[in-house]
Chemist: 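Mind looking over this structure? Questions follow.
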Amino acid sequence: MVMMIYLYLVLTAIFLIGGGVMYILGCYFDKPWFSKVGIGVLALSMYTINQASILV
């Protein structure tokens with residue numbers, strides 16, 4: 001149970017960093033589809049932090 005919470009928190013951190021980088025690179029290189037994928041990954045991080053909070 002505790003390992004699942006840690007797993008969700010690690011996934012949240014990865015998705016937050018990855019989504020933020022993808023969004024910034026999409027804006028910087030003028031690739032709107034890349035920015036949209038970055039926003040989707042950021043939304044996925046909100047889902048994983050929600051799952052972690054449900055487990056607590």
Side-chain angles (χ1 to χ4, degrees):
M1 181 74 151
V2 175
M3 291 304 291
M4 286 296 291
I5 296 170
Y6 288 137
L7 174 69
Y8 278 128
L9 291 177
V10 168
L11 284 175
T12 300
I14 291 171
F15 290 152
L16 277 174
I17 294 169
V21 168
M22 289 174 73
Y23 179 75
I24 290 170
L25 288 177
C27 291
Y28 185 71
F29 291 113
D30 197 26
K31 303 283 186 197
W33 62 270
F34 208 66
S35 294
K36 290 178 184 176
V37 172
I39 291 173
V41 173
L42 287 172
L44 189 60
S45 73
M46 294 300 107
Y47 171 77
T48 57
I49 196 68
N50 184 34
Q51 293 299 316
S53 68
I54 289 172
L55 289 176
V56 174

Chemist: Testing the basics here: between Leu55 and Met1, what is the closest heavy-atom pair and its distance to 0.1 Å?
Modeler: O-CE, 3.5 Å
Chemist: Measure the CD1-OG distance between Ile14 and Ser45 for me, rounded to the nearest 0.5 Å.
Modeler: 11.5 Å
Chemist: Group every Ile, Leu, Val, Met, Phe, Trp and Tyr by side-chain heavy-atom contacts under 4.5 Å, then state whether Val37 and Tyr28 land in the same group.
Modeler: yes
Chemist: For the residue pair Val41 and Phe15, what are the closest heavy atoms and their distance?
Modeler: CG1-O, 3.4 Å
Chemist: Mind checking whether Leu9 and Ile49 have side chains closer than 4.5 Å, heavy atoms only?
Modeler: yes
Chemist: Applying side chain to side chain donor-acceptor pair (under 3.5 Å), can you list everything that pairs with Thr12, at least two apart in sequence or on another chain?
Modeler: Thr48
Chemist: After noting the C-alpha distance and the side-chain angles of Ile39 and Tyr23, does the key distance pass the side-chain contact (heavy atoms from CB on, under 4.5 Å) rule?
Modeler: CA-CA 7 Å; Ile39 291 173; Tyr23 179 75; 3.8 Å; yes
Chemist: Between Leu11 and Val56, is there a shared hydrophobic cluster once you connect ILVMFWY residues whose side-chain heavy atoms come closer than 4.5 Å?
Modeler: yes
Chemist: Decide yes or no for Met46 and Leu16: does some side-chain heavy atom of the first lie under 4.5 Å from some side-chain heavy atom of the second?
Modeler: yes
Chemist: Mind checking what makes side-chain contact (heavy atoms from CB on, under 4.5 Å) contact with Phe29, not counting sequence neighbours?
Modeler: Leu25, Lys31
Chemist: Consider only side-chain heavy atoms of I, L, V, M, F, W and Y, link residues closer than 4.5 Å, and tell whether Trp33 and Val21 are in one cluster.
Modeler: yes
Chemist: Could I get the full list of side chain to side chain donor-acceptor pair (under 3.5 Å) partners for Ser35, not counting sequence neighbours?
Modeler: none
Chemist: Taking all heavy atoms of Met22 and all of Phe34, pick out the closest pair and write down the distance.
Modeler: O-CD2, 3.3 Å
